[in-house]
Amino acid sequence: MTTATDADGPGVRTREIVRADLLSVFRIEKASFPQPWPFRAFERFLGTPGFLVAVTDEVVGYIVADDVPNHGRRLGHVKDLAVDPHHRGRGVGATLLARALDVMDGRRATSVKLEVRASNERAQTLYRRFGFVHRKTAPGYYADGENALIMVRD
């Protein structure tokens, strides 16, 4: 079921992923990242409440987020977020991030973290708009040796 929410942007609806969406998600992943996740990685997250897709007349983006216990509290983790290259700059990423943060809030995550390439200024700008701050740098985090910024939202 596709459900529009206050966080959804014009013409974009978000919903939990279903198996039939996986190929579209994988195509977006390959078009978005130099070292894409393997297809099986997405399969493992099916059924996770924070695995959401953005849909117009097709899947145009996705986010993978989950939460884990952390010293008696819940810690959210945005693991992956991507928007089809033809739909970027239209608020799809912000819509997905807002919905995933709503899910994390509903699961009582007290903070949410993510990793982002040091060179991905566009994504960093989006994350800062949602209250994420750079807490530390992970040197050589990515397979190509690029650093990751660890950003956290409390």
Side-chain angles (χ1 to χ4, degrees), residues 7 9 12 14-56 58-71 73-105 107 109-154:
V12 177
T14 55
R15 61 172 167 77
E16 286 188 25
I17 190 168
V18 296
R19 183 168 290 280
D21 298 324
L22 284 174
L23 188 55
S24 295
V25 164
F26 187 58
R27 286 181 183 145
I28 293 168
E29 174 79 3
K30 289 192 316 183
S32 299
F33 300 111
Q35 290 133 3
W37 281 13
F39 186 85
R40 294 188 85 111
F42 293 105
E43 287 181 309
R44 284 195 331 259
F45 286 103
L46 277 174
T48 302
F51 192 175
L52 308 170
V53 290
V55 180
T56 56
E58 63 185 339
V59 174
V60 297
Y62 65 89
I63 190 166
V64 180
D66 67 1
D67 62 284
V68 295
N70 184 36
H71 304 289
R73 302 180 323 178
R74 307 256 355 132
L75 173 64
H77 187 189
V78 175
K79 297 176 178 295
D80 199 0
L81 168 62
V83 175
D84 180 276
H86 299 102
H87 291 85
R88 291 182 185 157
R90 300 179 191 175
V92 175
T95 297
L96 284 162
L97 184 57
R99 286 285 293 123
L101 291 173
D102 285 347
V103 170
M104 295 297 100
D105 287 346
R107 296 183 59 80
T110 56
S111 61
V112 180
K113 75 169 191 161
L114 57 81
E115 300 82 23
V116 61
R117 284 182 176 272
S119 64
N120 193 343
E121 293 178 19
R122 188 174 190 176
Q124 292 169 42
T125 298
L126 171 66
Y127 300 142
R128 281 192 297 274
R129 274 189 18 223
F130 280 85
F132 285 87
V133 294
H134 175 209
R135 289 278 173 85
K136 67 180 184 174
T137 300
Y141 180 87
Y142 294 99
D144 63 1
E146 185 171 356
N147 295 345
L149 304 184
I150 310 301
M151 299 183 78
V152 178
R153 177 183 187 249
D154 292 314

Can you list, pair by pair, the side-chain donor-acceptor contacts under 3.5 Å of residues 41-48, counting residues two or more places apart and other chains?
from, atom 1, to, atom 2, distance (Å)
Glu43, OE2, Arg19, NH1, 3.4
Thr48, OG1, Phe45, O, 2.8

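- In this structure, Tyr127 and Leu97 have side chains that are in contact, with non-hydrogen atoms separated by less than 4.5 Å.
- Here the shortest heavy-atom pairing between Leu96 and Gly61 reads CD1-C, 3.6 Å.
- Glu58 has its side chain within reach of Val60: a pair of non-hydrogen atoms, C-beta onward, lies under 4.5 Å apart.
- One N or O on the side chain of Gln124 and one on the backbone of Ala118 form a donor-acceptor pair closer than 3.5 Å.
- Under a 4.0 Å N-O distance rule, the pair Arg135/Asp154 qualifies as a salt bridge.
- Met151 has its side chain within reach of Arg128: a pair of non-hydrogen atoms, C-beta onward, lies under 4.5 Å apart.
- Shown here for Asn120 and Ala123, the closest heavy-atom pair between the two residues is OD1-N, 3.1 Å.
- Enclosure of atom CD in Gln35 by more than 12 non-hydrogen atoms of other residues, nucleotides or ligands within 6.0 angstrom is indicated.
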Under the side-chain contact (heavy atoms from CB on, under 4.5 Å) criterion, do Phe132 and Leu126 qualify, and how do the steps go?
CA-CA 9 Å; Phe132 285 87; Leu126 171 66; over 6 Å; no
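- Of the possible donor and acceptor atoms, none in the side chain of Asp67 sits under 3.5 Å from a partner among the backbone N and O of Leu75.
- Remark: His87 NE2 to Thr56 OG1 distance equals 4.5 Å, nearest 0.5 Å.
- Considering only heavy atoms from C-beta on, Leu81 stays 4.5 Å or farther from Leu114 through its side chain.
- Inter-residue side-chain proximity for Lys79 and Asp66 is flagged as met; some heavy-atom pair is nearer than 4.5 Å.
- Judged by distance alone, with hydrogens and angles left aside, the side-chain atoms of Glu115 form no donor-acceptor pair with the main-chain N or O of Asn147 at under 3.5 Å.
- For the pair Trp37/Val64, a side-chain contact is recorded, criterion being any heavy-atom separation below 4.5 Å from C-beta on.
- A distance of 6.5 Å separates CG in Leu52 from CD in Glu16, rounded to the nearest 0.5 Å.
- Annotation for Val92 and Ala54: closest pair CG1-CB, 3.6 Å, computed over non-hydrogen atoms.
- Contacts of Ser32 classified as side chain to side chain contact (heavy atoms under 4.5 Å, CB included), with partners at least two apart in sequence or in another chain: Ile28, Ala82, Arg88.
- Counting heavy atoms from C-beta on, the side chains of Val12 and Val55 never come closer than 4.5 Å.
- For Phe130 against Ala94, the heavy-atom pair with the smallest separation is CZ-O, 3.5 Å.
- Put simply, the side chain of Val78 does not reach to within 4.5 Å of the side chain of Arg153, judged on heavy atoms.
- Glu146 places a side-chain N or O within 3.5 Å of a backbone atom of Ser119 that can act as its donor or acceptor partner.
- Taking CD1 of Ile63 as the reference point, atom CG of Asp80 lies at 8.5 Å (rounded to 0.5 Å).
- The two residues Ala100 and Ala65 come nearest to each other via the heavy atoms CB-CB, 4.3 Å.
- One finds the OG1 atom of Thr95 at 12.5 Å from the CZ atom of Arg90 (value rounded to the nearest 0.5 Å).
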